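Worksheet: one structure, shown below.
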Amino acid sequence: MAVLSAVQEALRGQARSRRGAQGLALLLLVIVTLFLAAVSDRFTSIANLSNLLIQVAPLLLVALGQTVVILAGGLDVSVGAVVGLATAIVASSLPPELAVPLALAAGAAVGTVNGLLVGPFRLHPIVATLSTGSIVTGLALTLRPTPGGNVPGFLIASANERFLGLPLAVCWSAVGLFAAWWILSRTRLGLHILSLGGSTANARLNGIPVQRRVIAAYVICAVFAAAGGLLLAGRISSGDATVGLPLTVSSLAAVALGGTQMTGGIGGVLGTLMGSLLLAMLANGMNLMNVSPFLQSILNGVLLLIAISFTRRRQFGL
């Protein structure tokens, strides 16, 4: 009980910062790293660490987009469907110079619809994005009923090959991380998104175009999910309409474990990076210890519940 009280008190202190409980996320990351290094010699091998960086990249891209929406006070459970749609489009018979932009545009279109439903039409984010996610999955299955297709060679190379020993997938992660950080920290849009999550009423009183910012947040989220789908398609070398569905819960867990408040306004991309790494390391460690892969989804759900229960709402605003 004393340990639990100490953790809760630490989280309360961290919640007073716009960064959220990133300190706890770092602590968990260090503990898990030390534990896995102790129980498995293969965990710290160069080959395994390189594989870990490749594995975490699609999740990180999806989770970064999810972070933007959650910081705005929303939630998007259609991201997994968008990932599947992107893989289905890019594995079609379309030429690469058309398929890749079309996949990203499809993500932007889904994000626009989500934003309109949540913003102007005032539907609950879960109801709105769950509905669009179901529609998008149906569209993806129509395009690609079974896994397969021809993924452009440059996507396969960028997802699996290495340069100077470093996986090229790290470049995807670095570009996505920088883009999300720049949007949230260096643009007026990012400031408005944080304001929405802190208090929508106060944001409206301060002249922020609330509905347009909500739409923008969902568009950014869906485009990041589509980018994650492109990377995942390159990694598995095929299109699969349902391959991204597990990333919905995983992205939420990564954001929550990274210390971002699920009610918005508090958190950031650094925490999401640590949360994504934590989930990827746990999955990698269970594989090394020959633990059933079916337990991974159970663990993700448990971690999500724990992360949410430890973080209480701390509202910024007037």
Side-chain angles (χ1 to χ4, degrees), residues 54-66 69 75-115 117 125-156 158-160 169 172 176 218-254 279-280 283 293-294 296-297 300-301:
I54 295 174
Q55 290 177 342
V56 75
L59 170 60
L60 177 60
L61 290 175
V62 178
L64 288 170
Q66 190 77 261
V69 163
L75 195 70
D76 191 344
V77 295
S78 70
V79 290
V82 173
V83 170
L85 179 62
T87 70
I89 292 174
V90 81
S92 65
S93 58
L94 293 172
E97 60 272 15
L98 180 60
V100 172
L102 182 60
L104 295 174
V110 175
T112 301
V113 173
N114 286 336
L117 293 175
I126 293 180
V127 175
T129 58
L130 185 63
S131 301
T132 56
S134 178
I135 296 172
V136 170
T137 298
L139 291 174
L141 286 169
T142 301
L143 291 174
R144 178 61 54 190
T146 57
N150 297 312
V151 177
F154 75 91
L155 281 180
I156 298 175
S158 66
N160 297 288
W172 289 73
Y218 279 94
V219 169
I220 292 170
C221 178
V223 170
F224 268 89
L230 294 177
L231 177 58
L232 194 55
R235 181 180 162 195
I236 64 177
S237 302
S238 69
D240 188 339
T242 60
V243 70
L245 296 182
L247 290 176
T248 298
V249 174
S250 296
S251 65
L252 292 172
L279 290 179
F294 298 108
Q296 295 181 21
S297 60
N300 286 348

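All residue numbers in this chain count up from 1 along the given sequence. These numbers come from the heavy atoms of this one structure, side chains and all, not from hydrogens, waters or symmetry mates. Keep in mind it's a predicted model, so treat the numbers as computed, not measured.
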Check: [Y] and [X] side chains under 4.5 Å, non-hydrogen atoms:
X: Leu75; Y: Leu252; answer: yes
X: Tyr218; Y: Thr129; answer: yes
X: Val100; Y: Leu230; answer: yes

Quick one: closest heavy-atom pair of [X] and [Y], and the distance?
X: Thr132; Y: Ser78; result: OG1-CB, 3.8 Å
X: Thr248; Y: Gln66; result: O-NE2, 4.5 Å
X: Ala128; Y: Asn114; result: O-OD1, 4.2 Å
X: Val151; Y: Ser238; result: CG2-N, 3.3 Å
X: Ala106; Y: Ile89; result: CB-CD1, 3.7 Å
X: Val82; Y: Gly107; result: CG1-CA, 4.1 Å

Can you name the residues that form a side-chain hydrogen bond (donor to acceptor under 3.5 Å, both in side chains) with Ser250, not counting sequence neighbours?
Asn300
Residues 133-145, side-chain donor-acceptor partners within the protein, below 3.5 Å, at least two apart:
{"from": "Thr137", "atom 1": "OG1", "to": "Gly133", "atom 2": "O", "distance (Å)": "3.0"}
{"from": "Thr142", "atom 1": "OG1", "to": "Gly138", "atom 2": "O", "distance (Å)": "2.8"}
{"from": "Arg144", "atom 1": "NH2", "to": "Ala91", "atom 2": "O", "distance (Å)": "3.2"}

In Å, rounded to the nearest 0.5 Å, how long is the span from CG of Asp76 to CD1 of Ile220?
12.5 Å
Mind checking the OG-CG spacing from Ser237 to Leu232? Nearest 0.5 Å is all I need.
10.5 Å
Table please: side-chain donor-acceptor pairs of residues 54-64 below 3.5 Å, with sequence neighbours left out.
none

Do side-chain atoms of Thr87 reach the backbone of Asp240 as a donor and acceptor pair under 3.5 angstrom?
yes
What do you reckon, is CG of Asn160 surrounded by more than 12 foreign heavy atoms closer than 6.0 Å?
yes
So which of Val113, Thr112, Val69 actually passes side chain to side chain contact (heavy atoms under 4.5 Å, CB included) with Val219?
Thr112
